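All of these numbers come straight from a predicted model, not from anything done at the bench. By convention here, the first residue in the shown sequence is residue 1. In each ligand, atom 1 is the first atom listed, and ligand 1 is the first ligand listed.
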Amino acid sequence: MRQDAKVCHVEVDGKVRLCAIRGRLFENLGDRKGPIAVGDHVMIDPTGDPQSIESVIPRRNYLSRVASSHDPREQILLSNVDHMYVIASIASPGFSSNRTDRILAACRQRDIPATLIFNKVDIDKKGVLSDLRDTYALAGVPLLETCAIEGYDGPGMESLRQSLMNKVSGFYGASGVGKSTLLNAIDPSLNIKVGKISKYWTAGKHTTTYSQMHALPIGEDSWVIDTPGIRVFRPFGLTRETLRDLFPDFSAYQKKCRFPNCTHDHEPECEVFEALESGLIAPTRYGSYVEMLDEIGGTQSHADEDEDEES
Ligand SMILES: Nc1nc2c(ncn2[C@@H]2O[C@H](COP(=O)(O)OP(=O)(O)O)[C@@H](O)[C@H]2O)c(=O)[nH]1
Ligand SMILES: [Mg+2]
Ligand SMILES: [Zn+2]
């Protein structure tokens, strides 16, 4: 199912139908922003014109974020996936630890297994790849390295194809990292539009503005949901207490913090902080954690102090 504005593309027996969403589904949303997400399984009333979505079958899982900094409601990015692929490029656009760590935390929050794909390994001019491998190995994240412009037979492609087989997968990554190129390399018959890198912004142009589900012509039942590049993913429903468990690279150390509910932010005798100082935890990972912790708020924050230190 793909969604733009109020029209949904629903697949029924291999054919796509355009459906409206029954008005009733917008009632009683509570703190949810909308009733439907890409990946949903729905019941439709085929008698209407347009046909309409009557109900959403309960989701087996989903990823959601805070809609925006002005809108605290929950926005569902996608639903009913077996696996997430977080796609990042090594250069153009440069690797963003913050973006990557946020979505990895969101996947962990919802128990959705995630693989990190380093794409554009052909242009690792700054030699950042080796450090990134170490950082994410410590975080227990499975890694795959690809060069999507090499196409079907490029590095990593066969193992990517194998792992996509007979699953519903989600692709997430900044605009321009090569998601569409990667999909075309998986199977050239998909023929998805690839963006040009803008010279001014060294970021990709927005060729994808909505999430879309593609049937992959591999295996029996293989699907990929390609999501648009979201700038800031603030996982919905996090608390100061739950955030720390979304960083598995902290877990061996945080057991030994003096306070069992240590947030590793300001507390004395914090073993996570010690591990950071000794180089056992990557500063980028700790940085992402602290930024997310500050967003949650809660204690009268050390956020202001932290910001002062940064600048
Ligand atoms: N050098 C290099 N460029 C790539 C690679 N993969 C994609 N690109 C280029 O990056 C740009 C953006 O790709 P696109 O697939 O549209 O990114 P998307 O926005 O994530 O879907 C295009 O110009 C691609 O040709 C790669 O592995 N190496
Ligand atoms: Mg794209
Ligand atoms: Zn601590």
Side-chain angles (χ1 to χ4, degrees), residues 2 38 85-96 99-100 103 117-126 128-129 144-157 160 170-188 190-199 201-214 224-231 240-241 243-245 247 249-278 280-281 285-286 289-290 293 299 302:
R2 154 187 151 186
V38 62
Y85 292 85
V86 176
I87 297 140
S89 51
I90 295 307
S92 339
F95 184 83
S96 166
R99 179 192 279 273
T100 304
I103 191 73
I117 298 183
F118 295 132
N119 188 37
K120 309 201 188 184
V121 289
D122 56 310
I123 50 171
D124 184 23
K125 295 202 180 77
K126 293 190 185 148
V128 296
L129 186 54
L144 202 60
E145 294 173 19
T146 58
C147 176
I149 41 162
E150 284 187 32
Y152 191 88
D153 292 320
M157 291 315 300
L160 179 57
F171 274 22
Y172 175 91
S175 172
V177 298
K179 294 180 297 297
S180 302
T181 311
L182 211 47
L183 285 166
N184 289 332
I186 290 161
D187 193 290
L190 288 172
N191 213 354
I192 291 160
K193 204 168 137 203
V194 167
K196 288 207 173 63
I197 299 275
S198 146
K199 284 212 170 62
W201 305 103
T202 40
K205 286 233 168 75
H206 298 281
T207 34
T208 312
T209 53
Y210 45 79
S211 293
Q212 186 162 6
M213 194 152 178
H214 304 279
V224 168
I225 298 174
D226 188 14
T227 64
I230 286 173
R231 259 170 231 283
R240 288 181 76 81
E241 291 71 37
L243 179 64
R244 53 182 232 149
D245 294 323
F247 284 75
D249 32 351
F250 297 1
S251 68
Y253 309 105
Q254 75 184 7
K255 285 186 202 126
K256 297 184 236 149
C257 289
R258 176 170 161 194
F259 298 106
N261 58 351
C262 184
T263 61
H264 324 315
D265 173 39
H266 58 275
E267 296 89 340
E269 293 171 53
C270 171
E271 290 295 318
V272 167
F273 199 77
E274 290 296 318
L276 172 72
E277 300 270 272
S278 329
L280 298 168
I281 287 176
R285 294 277 295 163
Y286 183 76
Y289 168 77
V290 169
L293 189 70
T299 72
H302 292 241

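For a distance bound of 2.8 Å, the N, O or S atoms of Thr181 include none lying that close to the Mg ion (ligand 2).
Under a 4.0 Å heavy-atom criterion, Ala174 is in contact with ligand 1.
Without hydrogens or angle criteria, Lys179 side chain to Phe171 main chain gives no donor-acceptor distance under 3.5 Å. At distances below 3.5 Å, at least one donor-acceptor pair connects side-chain atoms of Asn184 with backbone N or O atoms of Ile192.
Angle ND1(His264) to the Zn ion (ligand 3) to SG(Cys270), rounded to 10°: 110°. At the Zn ion (ligand 3), the vertex angle linking SG of Cys262 with SG of Cys257 is 110° (nearest 10 degrees).
Residue Asp122 has at least one nitrogen or oxygen atom sitting less than 3.5 Å from a nitrogen or oxygen atom of ligand 1, judged on distance alone. Between Thr146 and ligand 1, no N or O atom pair is found at a separation short of 3.5 Å. Here's the thing with Ala148: one of its N/O atoms is less than 3.5 angstrom from an N/O atom of ligand 1. By the 3.5 Å distance cut-off applied to N or O atoms, Leu182 is not counted among the residues near ligand 1. The shortest N or O to N or O distance between Gly176 and ligand 1 is below 3.5 Å.
Checking Glu274 against Ser278 by side-chain atom types alone, no donor-acceptor pair falls below 3.5 Å. There is a side-chain donor-acceptor pair under 3.5 Å between Thr146 and Asn119.
No part of Ser92 comes within 4.0 Å of ligand 1, judged by heavy-atom distances. Contacts of Ile149 with ligand 1, taken as heavy-atom pairs under 4.0 Å, involve both backbone and side chain. Counting heavy atoms under 4.0 Å from ligand 1, residue Val121 does not touch it at all.
Residue Ser175 has at least one heavy-atom neighbour below 4.0 Å for each of these atoms of ligand 1: 19 (O). In summary, the atoms of ligand 1 found under 4.0 Å from a heavy atom of Cys147, numbered by their order in the structure, are 27 (O).
Considering every non-hydrogen atom in both Met157 and Gly151, the closest pair reads CG-O, 3.4 Å. Contact record, Tyr85 with Leu160: CE2-CD1, 3.8 Å, taken as the closest heavy-atom pair.
Using a cutoff of 4.0 Å between basic side-chain nitrogens and carboxylate oxygens, Glu269 and Arg258 are scored as salt-bridged.
In this structure, Tyr286 and Tyr289 have tilted ring planes: the angle between them lies in the 30° to 60° band.
Residues satisfying the ring pair (Phe, Tyr, Trp, His ring centres under 6.0 Å) criterion with Phe95, sequence neighbours excluded, are Phe118, Tyr136.
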